[in-house]
Amino acid sequence: MTEQATRIQVGGTAGTDPYEVLVGRQLLGELPGLIGEGVKRVAVLHPEALAATGEALREDLAAQGYEAIAIQLPNAEEAKTAEVAAYCWKALGQSGFTRSDVLVGVGGGATTDLAGFVAATWLRGVRWIAVPTTVLGMVDAAVGGKTGINTAEGKNLVGAFHPPAGVLCDLAALDSLPVHDYVSGLAEVIKAGFIADPAILDLIESDPEAAKRPDGAHTAELIERAIRVKAEVVSADLKESGLREILNYGHTLAHAIEKNERYNWRHGAAVSVGMVFAAELGRIAGRLDDATADRHRTVLASVGLPLTYRGDQWPKLLETMKVDKKSRGDRLRFIVLDGLAKPTVLEGPDPAMLLAAHAEIAA
Ligand SMILES: NC(=O)c1ccc[n+]([C@@H]2O[C@H](COP(=O)([O-])OP(=O)(O)OC[C@H]3O[C@@H](n4cnc5c(N)ncnc54)[C@H](O)[C@@H]3O)[C@@H](O)[C@H]2O)c1
Ligand SMILES: O=C(O)C(=O)C[C@@H](O)[C@H](O)[C@H](O)COP(=O)(O)O
Ligand SMILES: [Zn+2]
């Protein structure tokens with residue numbers, strides 16, 4: 001039975017279909033309503049780590065009369081490849097998936113990015129539902145319709161905007177999440193704090209140890225606040241023609257670090273270093289006050305997120321950053337802060353400025 005859940009609406013403006021993000025416990029009772037009428041087949045895409053969850057969900061859907069299949073994906077970033085997408089297309093083709101059938105992505109951000117991408121591309125777009133099972137998936141990846149895969153040249157370079165029909169954030173899923181992954185997700189929560197909702201930072205600073213636990217006093221509030229930040233931004237600018245770029249705070253360097261580490265760093269850990277870099281860039285550009293720049297280090301370190309990266313890698317990182325999606329021609333663009341919760345774009349910063357900011361994160 002579905003317990004009382006918090007419902008956050010996304011979209012519904014500028015011609016986009018509205019959908020809801022539900023946050024609570026035991027939410028799977030909501031799934032049939034989201035799957036909708038006249039659906040014959042449902043595919044459950046899940047990572048290896050959630051094999052039992054994926055199979056249980058498949059059995060549940062089969063018991064409800066759907067032709068349900070489970071498609072197991074590799075864990076984490078290994079799922080976000082053209083080969084894995086092709087494997088899914090083959091499974092859907094062999095099962096006769098039509099435009100009236102539905103995909104469900106159950107897992108972390110890597111799983112929902114891949115599941116959403118397969119849904120966006122199969123028959124040029126079928127309905128999909130996100131069931132995020134990590135902090136990061138709940139507060140960021142499953143919301144907003146950015147789907148995609150990586151290529152040899154970099155992170156998320158191929159993808160589509162294809163919003164889900166609904167997002168079910170069952171907080172009970174977080175109980176099995178390794179602490180390393182839990183903390184990684186906090187980087188995106190903290191990002192939401194710096195770009196839009198400083199109350200998030202106050203809550204984490206009030207008890208950093210509790211912030212690292214699913215049973216922490218403020219867990220639900222932190223997750224809901226971060227979702228609201230994301231929902232508001234993507235509702236105003238689904239396709240990133242302007243405002244949505246603020247969600248990329250810290251990501252220009254983060255994606256370059258992830259690629260450089262062959263995706264052995266979690267996304268959130270890289271975003272943590274990327275935000276320290278962006279804060280220094282803002283400070284050096286004369287936009288961000290010292291106290292807010294320093295606060296990045298203290299709040300990120302308080303939950304155990306990294307602040308530095310290997311100093312000898314700068315030329316490679318700079319090269320990779322050139323293919324960041326915010327770049328225009330040869331001009332690099334960064335999200336920086338003009339002050340707390342005042343994100344803005346820094347266009348084509350001087351190379352010396354970038355080097356100086358890099359010196360502040362170089363280990
Ligand atoms: N589309 C977007 O808007 C958006 C936003 C932010 C991040 N992302 C993407 O999200 C990805 C990172 O997502 P993530 O941090 O959730 O990592 P992840 O999806 O790689 O998951 C981390 C690990 O945890 C396992 N896992 C997932 N849920 C679990 C659970 N409940 N219990 C035990 N293990 C579990 C996974 O199988 C994986 O091994 C990156 O690829 C990033 O680019 C996308
Ligand atoms: O939703 C967005 O927009 C974001 O930028 C959120 C980011 O946290 C997320 O990592 C996103 O996948 C990055 O997108 P990209 O366009 O830089 O690949
Ligand atoms: Zn991110």
Side-chain angles (χ1 to χ4, degrees), residues 75-81 108-110 113 134-137 139-141 146 148-159 178 180-192 194-195 245-284 293 296-297 299-301 303-327 332-337 343 345-346 349 351 353-363:
N75 286 323
E77 219 59 26
E78 277 180 34
K80 287 178 60 172
T81 67
D113 274 14
T134 62
V135 174
L136 191 142
V139 303
D140 202 338
K146 264 191 186 179
I149 56 175
N150 308 322
T151 77
E153 288 68 36
K155 175 102 182 170
N156 298 343
L157 293 184
V158 175
H180 174 74
D181 283 304
Y182 196 99
V183 167
S184 160
L186 291 178
E188 302 278 23
V189 176
I190 291 170
K191 176 191 79 179
F194 277 112
I195 62 172
E245 288 189 333
I246 68 173
L247 298 172
N248 230 250
Y249 186 52
H251 282 61
T252 324
L253 182 67
H255 284 168
I257 291 175
E258 286 183 82
K259 175 178 179 256
N260 205 46
E261 291 298 320
R262 295 190 167 82
Y263 304 105
N264 288 317
W265 269 46
R266 285 285 186 255
H267 177 68
V271 169
S272 176
V273 178
M275 285 193 287
V276 179
F277 175 78
E280 290 300 340
L281 203 50
R283 185 199 324 241
I284 291 162
H296 284 69
R297 281 198 172 77
V299 70
L300 292 164
V303 294
L305 282 161
L307 310 178
T308 60
Y309 184 66
R310 294 161 58 193
D312 58 348
Q313 301 295 300
W314 179 240
K316 284 201 267 176
L317 298 179
L318 194 53
E319 207 46 40
T320 303
M321 287 198 293
K322 290 180 184 164
V323 291
D324 179 76
K325 286 176 230 69
K326 297 184 299 308
S327 295
L332 279 173
R333 296 167 68 252
F334 292 84
I335 305 301
V336 296
L337 300 181
V345 177
L346 180 65
M353 209 182 257
L354 291 174
L355 200 59
H358 175 256
E360 299 297 325
I361 57 117

Side-chain heavy-atom pair [X], [Y] within 4.5 angstrom cut-off:
X	Y	value
Asp113	Ile149	no
Leu247	Lys191	yes
Trp265	Asn260	no
Thr308	Val273	no
Gln313	Ile257	no
His251	Lys155	no
Leu332	Leu318	yes
Phe277	Thr252	no

Gap between atom [atom2] of [Y] and atom [atom1] of [X] - 0.5 Å precision:
X	Y	atom1	atom2	value
Ile246	Ile195	CD1	CD1	4.0 Å
His296	Tyr249	NE2	OH	2.5 Å
Leu281	Ile335	CG	CD1	11.0 Å
Asn248	Asp324	CG	CG	6.0 Å

**Request:** Could you go through the side-chain contact (heavy atoms from CB on, under 4.5 Å) check for Tyr309 and Leu253 one step at a time?
**Result:** CA-CA 10 Å; Tyr309 184 66; Leu253 182 67; over 6 Å; no

Taking NZ, NE, NH1 and NH2 as the nitrogens, is one of them in [X] or [Y] under 4.0 Å from a carboxylate oxygen of the other?
X	Y	answer
Glu319	Lys259	no
Arg297	Glu280	yes
Arg283	Glu360	no

**Item:** Donor on one side chain, acceptor on other, Glu188 and His267, under 3.5 Å
**Value:** yes

I need the minimum non-hydrogen distance between [X] and [Y], along with the two atoms involved.
X	Y	result
Gly148	Lys80	O-CE, 3.5 Å
Gly311	Ala362	CA-CB, 3.7 Å
Leu305	Gly268	CD2-O, 4.2 Å
Leu354	Pro349	CD2-CG, 3.8 Å
Ala269	Pro306	O-CG, 3.5 Å
Arg266	Ala76	NH1-CB, 3.5 Å

**Request:** Take atom CD of Glu78 as the centre, draw a 6.0 Å sphere, and report whether it contains more than 12 heavy atoms from other residues, nucleotides or ligands.
**Result:** no

**Asked** Short question: side chain of Asn156, backbone of Asn150 - any donor-acceptor pair under 3.5 Å?
**Response** no

**Message:** Strictly distance-based, threshold 3.5 Å: is any side-chain N or O of Thr320 a donor or acceptor partner for the main-chain N or O of Lys316?
**Reply:** yes

